[in-house]
S.K.: 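If you scroll down you'll find the structure; I have some questions about it.
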Amino acid sequence: MAQGGKHIANVTPPEAADDPPFDLPEAPPREAEPSVSARALQRTTAHTYMDGLNPEQRQAVEALDGPVLVLAGAGTGKTRVLTTRIAHILASGRAYPSQVLAVTFTNKAAREMKERIGDLVGGAVEGMPWLGTFHSIGVKILRRNAELVGLSSGFTILDTDDQIRLMKQVIEAEGLDKDRWPARQLAALIDGWKNRGLTPDKVPAGEAYGFATGKGAHLYAAYQRRLKELNACDFGDLLLESLRLFLENPDVLADYQRRFHYILVDEYQDTNVVQYLWLRLLAQGSPNLCCVGDDDQSIYGWRGAEIDNILRFEKDFPGAKVIRLERNYRSTGHILAAAAGLIAENKGRLGKTLFTDDQPGAKVSVTAVWDDEEEARGIGGDIEEMQQARQSLDEIAILVRASFQMRAFEDRFITLGLPYRVIGGPRFYERQEIKDAIAYLEITANPVNDLKFERIINVPKRGLGDTSVKRVRELARMRSIPMYQAAQLIIETEELTGRARKSLSDLIANFERWRSVISHLKHTELAELILDESGYTAMWQADKSPQAQSRLENLKELVRSMHEFESLQGFLEHVSLVMDTDQAAGGDRVSLMTLHAAKGLEFEVVFLPGWEEGLFPHQRSLDENGQAGLEEERRLAYVGLTRSKRLAKVSFAQNRRNRGLYQSALPSRFVDELPEDHVDILEAKMPFGGAYENFGGTFGNSYRRSRFDDAATPFEASYKTPGWQRAKARTREGFSRDAARKSRGPTTIEGELVASSTQQTSFKPGERVLHQKFGPGTIAGVDGNKLTIEFDEAGRKRIIDSFVERG
DNA sequence: GTTCGCTCACTTTTT
DNA sequence: GTGAGCGAAC
């Protein structure tokens with residue numbers, strides 16, 4: 001990526017001239033060094049890489065010509081197929097490594113693929129320059145052709161923080177009230193537009209109303225202008241701008257089309273509109289497009305993923321071959337059957353039936369508990385028993401719908417002294433101290449990054465407040481120079497007061513000194529020097545808050561992680577895109593994470609707590625996306641169940657403390673959708689025996705009373721007892737039909753309500769409406785059949801049109 | 001320029 | 001109930 005700039009004039013990549021003859025299987029590598037393809041060829045004779053594939057997998061590997069959709073169910077060997085297919089392409093001499101485009105969503109997936117191809121082909125895969133995430137490939141293409149989209153090849157990539165800081169400035173520059181129109185919201189809006197491939201001029205008028213009374217699109221345009229001035233891109237631009245590059249420069253597009261003979265896409269069900277358009281353009285060059293995915297595991301609709309992309313594949317790519325991988329190598333029979341029964345309730349799916357030759361194993365267990373605390377106690381107890389039975393904790397996971405659920409478990413595990421790890425939380429490079437440290441390093445290496453400079457200009461506090469910063473910024477904009485340079489000028493003048501002037505000139509002097517030693521100091525030593533001399537380390541040492549210690553640890557870890565890189569430059573280039581560190585390490589521990597974070601992982605034992613209406617499926621998902629939202633939630637449940645190899649344990653609480661408030665809850669409809677033949681109803685354990693008797697009467701609420709009154713003790717409820725039978729009946733008829741219609745609107749009614757951006761509503765911005773739960777409000781924006789409504793009481797919400805009436 | 005206290009929101013999250 | 005973020009007071 002670093003040398004990208006040198007390629008600007010030379011759009012044609014050198015390797016393109018060396019395209020191997022397409023139909024000669026044994027196209028010889030021309031280079032002297034043993035290339036990946038050469039090593040792959042050596043392996044061909046041994047045929048090791050195809051060993052052990054089942055017939056469908058083999059078919060997916062060998063179907064090299066034309067469009068192919070591999071529908072790979074959970075645990076059916078998806079990654080194996082992808083990597084083997086690449087190995088096969090290389091080994092059969094069909095293409096050079098540089099002619100294969102392979103895209104993933106996460107760095108982790110890309111890394112894994114590289115490793116596994118390396119294993120198959122026998123060596124590291126330096127020769128696969130186009131295997132990476134959508135974003136990293138977008139950057140690569142953009143850097144080579146930056147001038148064509150108004151950037152220069154050294155453009156910086158903004159992270160979310162920078163993005164928001166910049167948007168705040170844009171909002172203020174437009175003379176808008178930054179409190180009434182929060183930058184976060186604008187960022188989300190613009191992100192959404194970018195995901196859908198919309199440049200500022202293409203934003204539909206109705207949606208632009210949603211922000212700052214119609215100024216949404218205008219702000220978007222202003223923001224894009226500022227980005228160009230700063231020679232910067234946000235994440236969305238990496239794709240949208242490379243799409244624009246292709247559309248506006250047919251010669252560049254044609255060049256890449258010629259280059260990529262084979263295109264492979266992982267997790268196709270997660271692609272958004274831009275990614276789809278981008279792929280479709282590239283695939284026009286070579287029809288050898290292979291998309292691997294599972295429509296049943298599409299759980300990222302809320303961040304722009306279009307499940308339609310995968311559902312439409314055969315229409316988009318006529319003559320496409322569809323291969324289903326249905327043999328599951330992960331879970332035992334009952335778990336698989338329970339998951340299959342659940343997902344069968346979804347309408348919008350291509351349809352697959354997973355099967356296994358494994359044992360039926362244990363049924364999925366369902367447990368009703370009193371509240372979230374008891375749930376945590378129960379699961380904690382179960383885990384301790386398993387631990388005594390020598391079950392490795394690494395193979396146990398608790399998968400929750402929302403992160404606030406984690407708290408109860410963490411509290412409990414801490415009391416029990418049970419080792420656990422939280423996966424997914426704020427990632428290493430997202431932490432404040434890490435971002436600050438990186439900003440220091442960045443400014444030292446590259447003083448033109450204004451947003452990074454603003455980030456640390458007054459961190460630690462050195463008396464440079466808003467007014468001083470504003471002066472510097474204004475001078476920078478007036479002269480069209482970076483703020484760092486403006487700061488250098490301003491300290492020579494009387495612009496700033498004595499104190500501010502002194503500390504700014506000290507800061508600049510520091511940076512100058514650090515920069516002067518870049519070349520003769522090891523980059524890790526330089527980092528330590530900077531963190532010390534800037535007073536940054538001292539700032540946290542002086543901090544007496546409980547997190548300060550771990551922040552210092554993180555800083556040490558940062559320096560440690562820099563050892564892997566050659567130079568400061570090399571390190572900085574990686575952090576802008578490759579923002580993850582391994583979280584898995586650290587001894588035998590129970591894993592705690594959200595269902596979303598669990599996708600792609602597997603565990604022997606999986607606990608699935610919190611299966612309650614309103615939490616899972618989440619109320620907001622239902623409100624905002626209707627039937628489509630419900631189906632996505634159901635897929636999430638399916639993902640949860642299919643993570644489990646041997647034991648899946650579902651539970652739901654009858655009461656949950658949500659936001660300080662103790663509220664009664666009904667079992668999730670998903671509980672009842674699990675096929676009974678594959679489910680075991682367990683009784684909750686009663687660690688405090690008699691104490692529980694009280695709950696029935698004293699603390700009972702109307703729901704609970706009516707459901708469990710008749711049972712001798714509340715927790716003997718099982719499918720067999722009358723109490724449970726009635727509860728179930730109530731859940732099905734009483735709640736799902738009537739109550740649902742009354743209290744939540746018609747979400748659950750079969751299949752009519754689908755959120756869609758194509759379906760237009762008759763509502764217009766400015767109209768007054770009435771919602772059953774949120775009361776009266778005014779429509780602020782329209783997006784298909786989704787309305788953004790400013791409720792008089794409840795604030796701003798996004799709601800499907802059929803949930804409100806004119807009022 | 002810093003600190004205190006109030007208000008607000010609170011599903012999921014990668015790059 | 002809790003934490004973050006912002007405005008007003010020091």
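First the proteins, then the strands, lettered A, B, ... as listed; each starts at 1. Just so it is clear, the model here is predicted, and its values are computed rather than measured.
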S.K.: Any side-chain N or O of Thr594(A) below 4.0 angstrom from OP1/OP2 of dT13(B)?
M.R.: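 For dT13(B), OP1 or OP2 has a side-chain N or O of Thr594(A) closer than 4.0 Å.
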
S.K.: Compute whether any side-chain donor of one residue and acceptor of the other, for Glu375(A) and Ser651(A), lie under 3.5 angstrom apart.
M.R.: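 Judged by distance alone, the side chains do pair up.
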
S.K.: What is the separation between atom CG on Asn272(A) and atom C1' on dT12(B), rounded to the nearest whole Å?
M.R.: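 That distance rounds to 16 Å.
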
S.K.: Want to settle it: does Ile299(A) or Gly236(A) sit nearer the 5' end of DNA chain B, counting the closest nucleotide to each?
M.R.: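 Mapping each residue to its closest nucleotide by heavy atoms, the 5'-most match is Ile299(A).
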
S.K.: Take atom CG of Leu496(A) and atom P of dG1(B), then tell me their distance rounded to the nearest Å.
M.R.: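 After rounding, the gap between these two atoms is 10 Å.
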
S.K.: Of the nucleotides dT11(B), dT2(B), dT15(B), which has the atom closest to the Lys461(A) side chain?
M.R.: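 Among dT11(B), dT2(B), dT15(B), the one nearest the side chain of Lys461(A) is dT2(B).
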
S.K.: Within the 4.0 Å heavy-atom criterion, would you say Leu238(A) contacts the bases, only the backbone, or no part of the nucleic acid?
M.R.: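 If one applies the 4.0 Å heavy-atom cut-off, Leu238(A) turns out to touch nothing in the nucleic acid.
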
S.K.: Within the structure shown, what part of the strands sits under 4.0 Å from Asn458(A) by heavy-atom distance: base, sugar-phosphate, or nothing?
M.R.: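 Sugar-phosphate only.
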
S.K.: How close or far is atom P of dT2(B) from atom CE of Met539(A), stated in whole angstroms?
M.R.: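 Rounded to whole Å, this separation is 12 Å.
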
S.K.: If you look at every strand shown and take non-hydrogen atoms under 4.0 Å, does Ser468(A) touch a base, only sugar-phosphate, or nothing?
M.R.: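 Answer is sugar-phosphate: Ser468(A) comes under 4.0 Å of backbone atoms only.
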
S.K.: Can you see whether Tyr638(A) has Arg635(A) sitting over its ring - NZ or CZ less than 6.0 Å from the centre and within 45° of the normal?
M.R.: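 No, Arg635(A) and Tyr638(A) do not form such a contact.
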
S.K.: How many Å lie between CG on Leu636(A) and P on dT12(B), as a whole number?
M.R.: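 For the pair Leu636(A) CG and dT12(B) P, the rounded distance is 11 Å.
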
S.K.: Would you mind reading off the distance between Asp161(A) atom CG and dT13(B) atom P, rounded to a whole angstrom?
M.R.: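 Checked: the CG to P distance equals 17 Å.
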
S.K.: I want to verify a distance call: between dT11(B), dT15(B), dT13(B), whose nearest atom is closest to the Ala597(A) side chain?
M.R.: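 For Ala597(A), the side-chain atoms sit closest to dT13(B).
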
S.K.: Mark yes or no for a side-chain to base donor-acceptor pair under 3.5 Å between Arg401(A) and dT11(B), with no hydrogen or angle criteria applied.
M.R.: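 Checked by distance alone, the answer is yes.
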
S.K.: Is there a side-chain polar atom (N or O) of Ser403(A) under 4.0 Å from OP1 or OP2 of dT12(B)?
M.R.: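 Affirmative; the distance criterion is met.
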
S.K.: Determine the minimum heavy-atom distance between Leu238(A) and Cys233(A), stating which atoms define it.
M.R.: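 Shortest heavy-atom contact: CD2-CB, 4.0 Å.
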
S.K.: When the distance from CD of Glu633(A) to C1' of dT11(B) is rounded to whole Å, what number comes out?
M.R.: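 Between C1' of dT11(B) and CD of Glu633(A): 8 Å.
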
S.K.: On the nucleotide dC10(B), are OP1 or OP2 found under 4.0 Å from the side-chain N or O atoms that Arg620(A) carries?
M.R.: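 True: Arg620(A) side-chain N/O within range (under 4.0 Å) of dC10(B) OP1/OP2.
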
S.K.: With distance as the sole criterion, is a donor-acceptor pair present between the side chains of Tyr536(A) and Asp436(A) under 3.5 Å?
M.R.: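 Yes, a side-chain donor-acceptor pair sits under 3.5 Å.
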
S.K.: Check whether any side-chain N or O of Asn107(A) sits under 4.0 Å from OP1 or OP2 of dT14(B), and answer yes or no.
M.R.: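 Answer is no, no contact under 4.0 Å.
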
S.K.: Do Lys78(A) and Gln297(A) have side-chain N/O donor and acceptor atoms under 3.5 Å apart?
M.R.: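 Absent: no donor and acceptor within the cut-off.
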
S.K.: Regarding Arg407(A), tell me which of base, sugar-phosphate or nothing describes its non-hydrogen contacts under 4.0 Å with the strands shown.
M.R.: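 Arg407(A): backbone/sugar contact only, no base atoms under 4.0 Å.
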
S.K.: Will you find, in the side chains of Ser242(A) and Trp278(A), an N or O donor that is under 3.5 Å from an N or O acceptor?
M.R.: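 Yes, Trp278(A) and Ser242(A) have a side-chain donor paired with an acceptor closer than 3.5 Å.
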
S.K.: With heavy atoms under 4.0 Å as the rule, sort Lys470(A) into base, sugar-phosphate or nothing.
M.R.: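 The answer is nothing, as Lys470(A) stays clear of every strand by at least 4.0 Å.
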
S.K.: Please tell me if Thr160(A) has a side-chain N or O lying less than 4.0 Å from either OP1 or OP2 of dT13(B).
M.R.: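 No, outside the criterion.
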
S.K.: For Tyr662(A), check ring pair (Phe, Tyr, Trp, His ring centres under 6.0 Å) against everything at least two apart and list the hits.
M.R.: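 None.
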
S.K.: Where each residue is assigned the nucleotide of DNA chain B containing its nearest heavy atom, which of Glu632(A) and Gly465(A) is assigned the position nearer the 5′ end?
M.R.: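 Its nucleotide being nearer the 5' end, the pick is Gly465(A).
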
S.K.: Identify whether the distance between the nearest side-chain nitrogen and carboxylate oxygen of Asp159(A) and Lys435(A) falls below 4.0 Å.
M.R.: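 Looking at Lys435(A) together with Asp159(A), the answer is yes, because their closest N to O distance falls below 4.0 Å.
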
S.K.: Provide the distance between the two P atoms, one in dG3(C) and one in dT14(B), to the nearest whole Å.
M.R.: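 Per the computed distance, 22 Å lies between those P atoms.
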
S.K.: On DNA chain C, reading 5' to 3', which nucleotide is the first and which the last to sit with an atom under 4.0 Å from a heavy atom of chain A, could you check?
M.R.: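 So the contact region on DNA chain C extends dG1(C) to dG7(C).
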
S.K.: Can you check the Phe235(A) CZ to dT15(B) C1' distance for me, whole Å?
M.R.: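 To the nearest whole Å, that distance equals 5 Å.
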
S.K.: Nearest of dT15(B), dG1(B), dT11(B) to any side-chain atom of Ala402(A)?
M.R.: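 Looking only at heavy atoms from C-beta outward on Ala402(A), the closest nucleotide is dT11(B).
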
S.K.: Quick one: sort the His596(A) and Tyr300(A) rings into parallel, tilted or perpendicular, breaks at 30° and 60°.
M.R.: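 Ring orientation, 0 to 90° scale: tilted.
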
S.K.: Please pick, from dT12(B), dT2(B), dT11(B), the nucleotide with the shortest atom-to-atom distance to any side-chain atom of His618(A).
M.R.: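 Ranking dT12(B), dT2(B), dT11(B) by closest atom to the His618(A) side chain puts dT11(B) first.
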
S.K.: According to the 5.5 Å centroid and 30° plane-angle thresholds, does Trp302(A) stack upon the nucleobase of dT11(B)?
M.R.: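 Whether judged by distance or by angle, Trp302(A) falls short somewhere, so it does not stack on the base of dT11(B).
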
